[in-house]
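For reference, the structure discussed in these notes is given below.
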Amino acid sequence: MKQDSTRNTAYTVDCDDYVHVVKFNPFDSGDTCSLIAYGGNNYVVVGTCRFQEEDAEVEGMQYKTLRTFQHGIRVDAIAWSPETRLDALPPQIRFCTAASDRKLRLFTSDLQDKNEFKTFDGHSDYINDLVFAPKEGQEVASVSDDHTCRVWDLEGNEKAHFVLRSPGMSVCWHPEEAFKLMVAEKNGTIRFYDLITQQAILSLECEQTPLMSADWCLKNTLKIGAVAGNDWLIWDITRSRPVHVDRARLFRWSQVSENLFATIGYPGKTTTQLLVHHLGHPQPILAGTAAVGSGLTWHRTLPLCAVGGDHKIFFWVTEM
């Protein structure tokens, strides 16, 4: 893997297709390498990454493809299951995708002979985000342009159904709040649902619209971040600042710090802007560009994030 000095990219991985979405596994898989999945027009690739920031014996970055899963249709979103283990015998890879045909697909593989997938059918419009239950991984939640949030079991049965007032853009499940679900809507409303009573218990409002993406801070359950219009917004330390000239697209908290987060803008004619922010600094601490970037994900244990693009994945390393 080569290290790039241009445009602040620390590393890149060449891919066979346009990368629509890229996702580090946020759970411990029992291996020293990090699992990463990326989705193209017809397939999902699962690979491992190891960085010199975590292993002195690695020069730059080591990337290895474990398996390519045929998908047959464009991948719009990927969620990892906490049941994914590389240290089991045999190993188990489990993830779920959302596709442009409005279906969810649950993939399970032992990286050898067993490669299964199940299709979950029910949404009537595009699915914008999905997430596994973070403790046991026995349920998947998804949100869609059809104004619903749905919770499924691993057989594809619908276990809960929340009617929204506008398209659902993001859904988050926090490991410390296993019975609550955070749902962000395009109209600027973020609601928390109690999964036992299946009732809304708290809501937050953006003054800006459209809300395109929201995230629940892993390190501090009281912090919620979002991008809406041109701004990022954070509740708890209620702040917002204009950052992206052409509308902000995605917001993701770092996995390692409650003060670190990244946002990306909409793809322009040639490039997309990535900004890494620290709540202790008035200006972004890192600005990078990617050729028409899509997807945004943070490494589980490093201050390192990745964005997909045209036949590449771009990686940026920042300071804590």
Are Asp215 and Arg252 ion-paired here, with the side-chain N under 4.0 Å from a carboxylate O?
-> no
Counting distance only, does the side-chain N/O of Ser254 pair as donor-acceptor with the main-chain N or O of Val256 below 3.5 Å?
-> yes
Is the number of heavy atoms from other residues, nucleotides or ligands within 6.0 Å of CG (Asp16) greater than 12?
-> no
Close side-chain approach of Met182 and Ile224, heavy atoms under 4.5 Å | yes
Could you tell me the separation between the CD atom of Gln255 and the CZ atom of Arg300, rounded to the nearest 0.5 Å?
-> 8.0 Å
Rounded to the nearest 0.5 Å, what separation is found between the OG1 atom of Thr297 and the CG atom of Leu250?
-> 10.5 Å
Polar side-chain atom of Asp146 near backbone of Ser124 as donor-acceptor pair, under 3.5 Å | yes
Between Asp110 and Lys114, is there a donor-acceptor pair closer than 3.5 Å when you use the side chain of the first and the backbone of the second?
-> yes
Return yes if some donor-acceptor pair links the side-chain N/O of Lys135 with the main-chain N/O of Pro175 below 3.5 Å, else return no.
-> yes
Is there a side-chain contact between Gln138 and Glu83, using heavy atoms and a 4.5 Å cut-off?
-> yes
Does the distance from a Lys or Arg side-chain N to an Asp or Glu carboxylate O, for Arg191 and Glu185, drop under 4.0 Å?
-> yes
Would you confirm whether Thr84, through its side chain, and Ile93, through its main-chain N or O, come within 3.5 Å as a donor-acceptor pair?
-> no
Can the ring centres of Phe261 and Trp232 be said to be less than 6.0 Å apart?
-> yes
Report yes if the side chains of Leu195 and Val151 come closer than 4.5 Å at any heavy-atom pair, otherwise no.
-> yes
Do Trp80 side-chain atoms and Lys23 backbone N/O form a donor-acceptor pair below 3.5 Å?
-> yes
Verify, without hydrogens or angle tests, whether Arg165 (side chain) and Thr189 (backbone) share a donor-acceptor contact under 3.5 angstrom.
-> no
Closest contact, heavy atoms only, Leu218 versus Glu176 | O-OE2, 4.1 Å
Are side-chain heavy atoms of Leu279 and Lys223 found at a separation under 4.5 Å?
-> yes
Do Ile190 and Val183 sit in the same hydrophobic cluster, where Ile, Leu, Val, Met, Phe, Trp and Tyr count as joined when their side-chain heavy atoms come under 4.5 Å apart?
-> no
Check Leu130 against Ala77 and note the closest heavy-atom contact, atom names and distance.
-> CD2-CB, 3.4 Å
May I ask whether Val21 and Leu35 are part of the same hydrophobic cluster, defined by side-chain heavy atoms of I, L, V, M, F, W, Y residues being less than 4.5 angstrom apart, directly or through others?
-> yes
How far apart are the C-alpha atoms of Thr209 and Lys186, what are their side-chain angles, what is the distance that settles it, and do they pass the side-chain contact (heavy atoms from CB on, under 4.5 Å) test?
-> CA-CA 7 Å; Thr209 57; Lys186 199 169 189 175; over 6 Å; no
Consider only side-chain N and O atoms of Ser166 and His147, and report whether a donor and an acceptor are under 3.5 Å apart.
-> no
Flag for Asn115-Ser109: side-chain donor and acceptor within less than 3.5 Å = yes
Checking side-chain contact (heavy atoms from CB on, under 4.5 Å) for the pair Val22/Phe315: CA distance, chi angles, key distance, verdict?
-> CA-CA 11 Å; Val22 57; Phe315 298 86; over 6 Å; no
Leu296 with Leu286, same ILVMFWY side-chain cluster at under 4.5 Å | yes
Does atom CD of Glu116 have more than 12 heavy-atom neighbours, drawn from other residues, nucleotides or ligands, at distances under 6.0 Å?
-> yes
Does a donor on one side chain and an acceptor on the other come within less than 3.5 Å for Gln208 and Asp231?
-> yes
Do Phe69 and His71 have their ring centres less than 6.0 Å from each other?
-> no
Minimum heavy-atom distance Val276-Trp298, with the two atoms named = CG1-CH2, 4.0 Å
Should His20 and Asn41 count as side-chain neighbours, where that means a heavy-atom distance under 4.5 Å?
-> yes
Side chains of Phe132 and Cys96 in contact at under 4.5 Å (non-hydrogen atoms) | yes
Are Val44 and Phe117 connected in the hydrophobic side-chain network, where two residues link if heavy atoms are under 4.5 Å apart?
-> yes
Looking at OG1 of Thr263 and CG of Leu275, how far apart are the two atoms once the value is rounded to the nearest 0.5 Å?
-> 4.5 Å
Distance-only, no hydrogens or angles: does the Arg105 side chain make a donor-acceptor pair with backbone N or O of Phe95 under 3.5 Å?
-> no
On a heavy-atom basis, the closest approach of Ser213 and Ser170 is CA-OG, 3.4 Å
Heavy-atom check, side chain of Val143 versus side chain of Val171, under 4.5 Å = yes
Please report the shortest heavy-atom distance between Cys49 and Glu54, naming the atom on each side.
-> O-OE2, 4.3 Å
Are there more than 12 heavy atoms of other residues, nucleotides or ligands under 6.0 Å from atom CD of Glu205?
-> yes
Report the C-alpha separation of Thr318 and Leu260 in whole Å, then their side-chain angles, then the decisive distance to 0.1 Å, and conclude whether the side-chain contact (heavy atoms from CB on, under 4.5 Å) test is met.
-> CA-CA 10 Å; Thr318 186; Leu260 199 62; 4.0 Å; yes
Does NZ or CZ of Arg94 fall inside the cone over Phe107's six-membered ring, less than 6.0 Å from its centre and within 45° of the axis?
-> no
Lys312 with Asp310: basic N within carboxylate O range, under 4.0 Å = no
When the ring centroid of Trp216 is compared with that of Phe192, is the distance short of 6.0 Å?
-> yes
Check: Tyr11 main-chain N/O paired with Thr9 side-chain donor or acceptor under 3.5 Å | no
side-chain hydrogen bond (donor to acceptor under 3.5 Å, both in side chains) evaluation trace for Asn42 with Asp17 = CA-CA 9 Å; Asn42 294 298; Asp17 193 1; 5.0 Å; no
Ala99 versus Ile73, closest heavy-atom pair with distance | CB-CG2, 3.6 Å
Among Asp76, Leu104, Asp145, the one residue meeting side chain to side chain contact (heavy atoms under 4.5 Å, CB included) with Ile127 = Leu104
Using 4.0 Å as the upper bound for N to carboxylate O, is an ion pair formed by Glu139 and Lys159?
-> no
Give a yes or no answer on whether the side chain of His174 reaches the backbone of Cys217 with a donor-acceptor pair at less than 3.5 Å.
-> yes
Passes side-chain contact (heavy atoms from CB on, under 4.5 Å), Ser142 versus His123? Steps please.
-> CA-CA 9 Å; Ser142 56; His123 280 297; 2.7 Å; yes
First locate atom CZ of Arg67, then atom OH of Tyr43, and finally report the distance between them rounded to the nearest 0.5 Å.
-> 15.5 Å
When rounded to the nearest 0.5 Å, the distance separating CG of Asn259 from NZ of Lys219 is 12.0 Å
Could you grab the distance from atom CG of Leu233 to atom CG of Leu204, nearest 0.5 Å is fine?
-> 10.5 Å
With side chains defined as the heavy atoms from C-beta onward, is the minimum distance between Phe51 and His299 less than 4.5 Å?
-> yes
Got a sec: does the CD of Gln112 have more than 12 other heavy atoms crowding it under 6.0 Å?
-> yes
Are Val46 and Tyr38 joined in one hydrophobic group, where the rule is that I, L, V, M, F, W and Y side chains link up if heavy atoms are under 4.5 Å apart?
-> no
